[in-house]
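To keep things clear, I will list the structure first and then write my remarks on it.
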Amino acid sequence: MPVDSRRLQGPESAFSYTLLKKKDANAEESVLSADLQKMLIGSNQVRKDKRKPTDARPLFLRTGIISQAKGSAYIEQGNTKLVCGVYGPREVQKKSDFRLNGQLFCEFKFAPFSCQKRRSHQQDNEELVLSGLLREALEAAVCLHHFPKAQVEVNIMVIENDGSPLAAALTCASLALASASIPMYDLVIGTAVRQLPKLLLLDPTRDEEWQPKLNHDENNSNLTVGFMPSMQQICAYVHEGVSNPEELEQMLKLVTEYCLKVQPVVQLCLKETIEKMLANEGENKDAE
């Protein structure tokens with residue numbers, strides 16, 4: 001049946017009136033939590049991808065992926081794959097955006113084929129929110145006063161999304177900025193943890209992530225953190241769901257310990273990049 005586009009369809013925040021029906025919510029939530037935990041982890045405490053609850057997915061990093069960018073990086077965290085390009089510093093285009101300190105422009109975009117449901121070519125609300133979170137996290141790590149009256153562009157493209165895209169984007173963007181010789185206070189390592197009743201899952205996949213339509217009881221949440229290991233500071237904190245303060249403390253301890261383990265891996269990737277650059281410069285001088 002055709003839809004009358006000239007008639008108001010109601011506000012976007014409207015919801016179905018059937019949700020207002022009275023029902024035994026406590027019984028449904030308890031059954032849902034038990035069933036969900038059985039689906040995500042078996043009786044032998046092993047996840048679907050044969051990981052233990054506190055084990056992360058294999059990590060692969062590489063720089064110099066985009067030849068036209070000043071700095072670029074590629075990350076694979078399991079089946080989650082992202083590429084980041086850094087451009088600038090360049091002059092601010094709009095005079096209204098003029099500032100004495102430098103500026104960061106971050107764009108987070110899912111490729112149309114990256115998710116189960118095809119994404120649009122234009123940025124949607126989720127991508128705009130993730131772009132803002134990425135910018136706020138990187139502004140705490142980049143020395144903006146080193147390039148006044150200029151801006152640096154950070155473009156993230158998600159090639160395949162299998163969970164925790166923001167955490168992978170924080171690590172990838174930090175590595176790309178460092179490879180572009182942008183002054184930084186410290187590297188940013190991103191990670192996520194999924195909370196279930198009496199269980200924590202590090203680096204959750206897409207099926208393990210918190211979903212607001214299914215998980216609405218206590219101690220059921222998802223936490224994404226951007227951590228600067230050398231400075232021992234948190235620059236990004238995104239929490240979805242409901243958690244007790246004691247549970248949040250355990251989640252933060254788990255993600256910070258993982259970030260400290262990932263830091264040497266990122267530093268080794270940067271070291272190999274610098275060694276290749278120096279070797280190429282030496283070869284060019286010998287050729288001349």
Side-chain angles (χ1 to χ4, degrees), residues 29 32-61 75-82 108 110-111 114-117 119 126-127 129-130 133-134 137 156 158-174 188-227 234 236-244 246-262 265:
E29 288 177 3
L32 178 61
S33 299
D35 294 342
L36 180 64
Q37 190 158 336
K38 290 180 181 179
M39 290 172 56
L40 298 181
I41 186 166
S43 57
N44 54 353
Q45 297 296 310
V46 177
R47 294 149 82 170
K48 288 184 178 180
D49 51 4
K50 300 181 181 180
R51 285 187 294 155
K52 295 181 180 179
T54 56
D55 289 346
R57 292 174 290 181
L59 183 66
F60 174 80
L61 299 169
I75 184 172
E76 281 188 11
Q77 202 161 347
N79 290 329
T80 299
K81 304 171 184 178
L82 295 87
F108 191 103
F110 288 98
S114 61
C115 303
Q116 289 183 343
K117 184 178 180 180
R119 308 294 294 247
E126 181 185 2
E127 293 168 338
V129 171
L130 292 174
L133 294 172
L134 182 66
I156 291 285
V158 180
I159 302 175
E160 184 177 356
N161 179 26
D162 190 30
S164 307
L166 179 59
L170 289 170
T171 306
C172 187
S174 174
V188 179
I189 309 298
T191 185
V193 62
R194 171 75 159 88
Q195 181 194 17
L196 292 171
K198 300 181 181 180
L199 186 64
L200 297 179
L201 303 179
L202 183 64
D203 189 17
T205 60
R206 182 181 60 243
D207 297 333
E208 296 172 346
E209 285 184 322
W210 181 82
Q211 300 179 14
K213 294 182 179 180
L214 299 179
N215 315 125
H216 46 80
D217 53 345
E218 194 174 8
N219 291 334
N220 214 328
S221 63
N222 202 86
L223 176 65
T224 302
V225 169
F227 186 67
I234 293 176
Y237 182 92
V238 182
H239 181 260
E240 300 173 295
V242 181
S243 301
N244 292 329
E246 296 79 8
E247 298 290 337
L248 278 177
E249 185 177 356
Q250 296 180 4
M251 296 166 70
L252 285 173
K253 182 179 179 181
L254 180 62
V255 295
T256 51
E257 289 178 353
Y258 172 73
C259 291
L260 291 173
K261 295 178 181 178
V262 176
V265 180

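In this text, all values refer to a predicted model and were calculated from it rather than measured experimentally.
In this pair, H239 and Y237 present their aromatic rings parallel. The plane angle is below 30°, not in the 30 to 60° band.
Separating the CG atom in N220 from the CD atom in Q195 is a distance of 7.0 Å, to the nearest 0.5 Å. Note that CG of L201 is 5.0 Å distant from CG of L196, once rounded to the nearest 0.5 Å. Put simply, OG1 on T80 and CG on L166 are 12.0 Å apart, with the number rounded to the nearest 0.5 Å. The line from CG of D162 to CG of D207 is 7.0 Å long, rounded to the nearest 0.5 Å. Note that CG of L223 and CZ of R194 are 12.0 Å apart. Values are rounded to the nearest 0.5 Å. Taken from CG in L260 to OG1 in T191, the straight-line distance is 11.5 Å, to the nearest 0.5 Å.
Remark: side-chain polar atoms of E209 are paired, donor with acceptor, to backbone N or O of S164 under 3.5 angstrom. Within the 3.5 Å criterion, the main-chain N or O of N161 finds a donor-acceptor partner in the side chain of R206.
Looking at every heavy atom in both residues, L82 comes nearest to A168 through CD1-CB, 3.5 Å. Nearest approach of E127 to F110, heavy atoms of both residues: OE2-N, 3.0 Å. Closest heavy-atom contact between S221 and S243: OG-OG, 2.6 Å. Residue A236 comes nearest to A137 through the heavy atom pair CB-CB, 3.6 Å, listed as atom of the first residue, atom of the second, then distance.
Checked options L59, V265, I189; the residue passing with T171 is I189 (criterion: side-chain contact (heavy atoms from CB on, under 4.5 Å)).
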(request) Please lay out, stage by stage, how L170 and L134 fare under the test side-chain contact (heavy atoms from CB on, under 4.5 Å). (result) CA-CA 7 Å; L170 289 170; L134 182 66; 3.7 Å; yes
(message) Run F108 and V158 through side-chain contact (heavy atoms from CB on, under 4.5 Å) and show every step you take.
(response) CA-CA 8 Å; F108 191 103; V158 180; 3.6 Å; yes
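Not counting sequence neighbours, the partners of D49 by the side chain to side chain contact (heavy atoms under 4.5 Å, CB included) test are R47, R51, R57, T205. The salt bridge (Lys or Arg N to Asp or Glu O under 4.0 Å) test applied to E240 returns no partner, not counting sequence neighbours.
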Side-chain donor-acceptor distances from residues 246-258 under 3.5 Å, at least two apart:
from : atom 1 : to   : atom 2 : distance (Å)
T256 : OG1    : L252 : O      : 2.8
T256 : OG1    : K253 : O      : 3.0

